[in-house]
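Quick notes on the structure that follows.
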2 protein chains.
Amino acid sequence: MAFARLAILPTYKVVSDTIEREILAGRLTAGDILPTETELADQFGVTRHTVREGIRILEQSGLVRREAGRRLYVAEPHYGDLAPRLSRAMVMQRVTFRELWEVSMDLEPSAAAHAAVRIDADRLAQLRANVMATEQALAAGASIIPLDVAFHILVAEAAGNRALLLAREPVTQLFYPALERLFTHPKTASVGPRRLIEAHRRIVDALADGDATLAREWMRKHMVDFRRGYDTAGLDLDDALEATAAPPAAPARR
Amino acid sequence: MAFARLAILPTYKVVSDTIEREILAGRLTAGDILPTETELADQFGVTRHTVREGIRILEQSGLVRREAGRRLYVAEPHYGDLAPRLSRAMVMQRVTFRELWEVSMDLEPSAAAHAAVRIDADRLAQLRANVMATEQALAAGASIIPLDVAFHILVAEAAGNRALLLAREPVTQLFYPALERLFTHPKTASVGPRRLIEAHRRIVDALADGDATLAREWMRKHMVDFRRGYDTAGLDLDDALEATAAPPAAPARR
DNA sequence: CATTGTTCGTTTGTTGGACAATTGAAATAT
DNA sequence: ATATTTCAATTGTCCAACAAACGAACAATG
């Protein structure tokens, strides 16, 4: 007979796995305060430093959080925590604009369609405010890109599907630099933003009417426009995306 | 006037950010061996412990890797590394079957359509082999679920879109337990697997013909079947998914 | 009375030094 | 040339300590 290879894990990994298991099993739930590092070290029978390495791992997956210098508590991982890492992975694999666009072509119209039947008054108001803010930003010569990104997030949130949110977030984060190039390019800077706002307005109207088909269709057109602008600007669909600093990464602690 | 909040980062975070920046800027590329922990500590002017905590963070994002006890090297993050964390996030947010299904309803048919125009002979052969293996597993009374999961991954890979792969992976990983319940349930166990294999076969045929429309349509039917089976089995679409151990997580070191 | 300064115990962040276990490669023996 | 033994390098873990920051309670200040 032959033995299988032993799975020997470093202690810090065992520490993080153990705490993770408690959280996933529901014995520790969001908001619970974890024991101090010293206590954990005593309980596990390891050094505090080993515990700390384990904690670093848990922090990365968003399962626990700590506000600078304070006690550790259990948290529900938010998609905003995980998306940046996925985005970076895509950048490193030199994902192209075409690939991103294809995925968005599936998810964004679908998000709009779902939103049409599930949206509530509150979020509808937020969307209207977003469209107005976009118009004002354009008139004032400010960048409309953050508002555009926010618009699509609002629609996705209105769709009431958290799996959809998680799937689309890393993709749309990467559109940021592409949009930047688009709206500063001489060939597309003049007409692009107007068509964008027009599309956004039509989508909001369709959502307000609860018209899923129309919402889907306008979102689809909006995405096609995006790609056409990319072509018009003479940019290559199959170029790899460039690395970019996380754009909406407002720390906003406290 | 008001001052913005100071961004004070702990040293270990500065360490990980610094190394990360080098990798993202391309000054360190996949395969490069990093300095030893002691050397890094000397260069940064910090303790080895601090460096180690920084390394733990980088390891989590898949930017660096180390196989047990050996030197650290730069790696390209693979979607397989990141997907489990996303899956866990979805479980913790008590994502429902309906949410997953809606996303898959967008991505899977689209993957099939793209695969139809991009698939190569090699992967087509793999798909045919997969369908045969599924038939044999069914005849032998073995579980066909891992083969089903593998089938969908093969199709997605054939679509030649890495953003799509990243977006769908965390979702489909969570289908595993749902499929499990479906194929062991008395009402669906008898006919379900046969319809599944039939659909898989039709999809492969459509891919072989390069017929994107047909491939999309059969994949769509396949997904609808999946949901119908869920209904037939009397399971609630809006129940939260249960936590489950990573199913295909074959460590396979060395 | 609200703001500011002081003190103190607690907890994290960081440092120093140490050592066992493992690895990779060089040196040696077969 | 191949196998074995040695050895230096490197990681994983431990122990001990202290500075820095925080929360709270309380005194001092205007």
Side-chain angles (χ1 to χ4, degrees), chain A residues 3-20 23 28 31-75 251-254, chain B residues 1-20 23 28 31-75 251-254:
Chain A
F3 289 100
R5 180 170 174 78
L6 292 178
I8 296 182
L9 296 174
T11 311
Y12 59 80
K13 187 81 176 111
V14 176
V15 168
S16 71
D17 285 353
T18 303
I19 298 177
E20 178 182 317
I23 296 175
L28 287 170
D32 287 0
I33 304 275
L34 286 177
T36 67
E37 296 180 352
T38 315
E39 283 170 351
L40 284 173
D42 286 346
Q43 293 179 21
F44 288 132
V46 299
T47 305
R48 191 159 77 91
H49 185 70
T50 306
V51 170
R52 284 176 64 83
E53 292 193 35
I55 290 175
R56 290 294 96 77
I57 294 176
L58 289 174
E59 279 181 339
Q60 284 304 107
S61 49
L63 289 176
V64 305
R65 229 180 278 269
R66 125 177 310 151
E67 255 105 81
R70 248 162 304 170
R71 291 282 295 273
L72 212 58
Y73 62 94
V74 179
R253 281 186 175 173
R254 280 217 173 155
Chain B
M1 75 155 295
F3 290 101
R5 181 171 173 78
L6 293 177
I8 296 182
L9 295 176
T11 312
Y12 59 80
K13 188 83 176 107
V14 176
V15 167
S16 70
D17 285 353
T18 304
I19 298 176
E20 178 183 315
I23 296 175
L28 285 170
D32 287 0
I33 304 276
L34 287 176
T36 67
E37 295 181 354
T38 315
E39 281 170 353
L40 285 172
D42 286 346
Q43 293 180 22
F44 287 131
V46 298
T47 308
R48 194 159 73 90
H49 288 315
T50 307
V51 169
R52 284 176 64 83
E53 292 192 34
I55 290 174
R56 290 295 97 75
I57 294 176
L58 290 173
E59 280 180 340
Q60 284 300 300
S61 49
L63 288 176
V64 306
R65 228 181 279 270
R66 120 179 312 152
E67 41 247 23
R70 249 161 300 173
R71 290 285 294 274
L72 210 59
Y73 62 94
V74 179
R253 280 189 174 167
R254 282 221 165 148

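Residue numbering restarts at 1 for every chain, and letters A, B, ... go by the order of the sequence lines. Treat the numbers as computed from the prediction; the structure is a model and nothing was measured. Scope of the values below: all heavy atoms of this structure, side chains included, with no hydrogens, waters or symmetry mates.
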With distance as the sole criterion, do the side chain of [X] and the base of [N] form a donor-acceptor contact below 3.5 Å?
| X | N | value |
| --- | --- | --- |
| B:Arg71 | C:dG24 | no |
| A:Arg48 | C:dT14 | yes |
| B:His49 | C:dG16 | yes |
| A:Arg66 | C:dG13 | no |

Between [X] ([atom1]) and [N] ([atom2]), how many Å, whole number?
| X | N | atom1 | atom2 | value |
| --- | --- | --- | --- | --- |
| B:Leu9 | C:dG13 | CG | C1' | 13 Å |
| B:Glu53 | C:dT15 | CD | C1' | 12 Å |
| A:Ile33 | D:dG23 | CD1 | C1' | 13 Å |
| A:Ile55 | C:dT14 | CD1 | P | 13 Å |
| A:Lys13 | D:dT13 | NZ | P | 13 Å |
| A:Leu34 | C:dT11 | CG | P | 13 Å |
| B:Leu72 | C:dT23 | CG | C1' | 15 Å |
| B:Arg56 | D:dT11 | CZ | P | 10 Å |

Solution key, residues 7-15 of chain B side-chain donor-acceptor pairs under 3.5 Å, sequence neighbours excluded:
from    : atom 1 : to      : atom 2 : distance (Å)
B:Tyr12 : OH     : A:Arg56 : NH2    : 3.4
B:Lys13 : NZ     : B:Asp17 : OD1    : 3.4

Exercise. What nucleic acid atoms does B:Thr47 come within less than 4.0 Å of, heavy atoms only: base, sugar-phosphate, or nothing?
Worked result: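 Base contact.
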For this session: Return the nearest nucleotide to the side chain of A:Glu37; candidates are C:dG13, D:dT11, D:dC14.
Result: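 The closest nucleotide is C:dG13.
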For this session: Ignoring hydrogens and angles, tell me if any N or O in the side chain of A:Thr36 forms a donor-acceptor pair with the backbone of A:Glu39 under 3.5 Å.
Result: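 Yes, because the side chain of A:Thr36 sits within donor-acceptor range (under 3.5 Å) of the backbone of A:Glu39.
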Exercise. Do any side-chain nitrogens or oxygens of A:Thr50 fall under 4.0 Å of OP1 or OP2 in D:dC14?
Worked result: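 For A:Thr50, the contact criterion (side-chain N or O under 4.0 Å from OP1 or OP2 of D:dC14) is met.
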Exercise. If only side-chain N and O atoms of A:Thr36 are considered, is one of them under 4.0 Å from the OP1 or OP2 phosphate oxygen of C:dT11?
Worked result: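 So the side-chain polar atoms of A:Thr36 never come under 4.0 Å of the phosphate oxygens OP1 or OP2 of C:dT11.
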Exercise. If we ignore angles and hydrogens, is there a donor and acceptor under 3.5 Å between the side chains of B:Glu53 and B:His49?
Worked result: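 No, B:His49 and B:Glu53 have no side-chain donor paired with an acceptor closer than 3.5 Å.
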Exercise. Closest heavy-atom contact between B:Glu37 and B:Val51?
Worked result: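 Minimum heavy-atom separation between B:Glu37 and B:Val51: O-CG1, 4.2 Å.
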For this session: Quick one: closest heavy-atom pair of A:Leu28 and A:Asp32, and the distance?
Result: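 Heavy atoms only, the tightest pair is CA-OD2, 3.6 Å.
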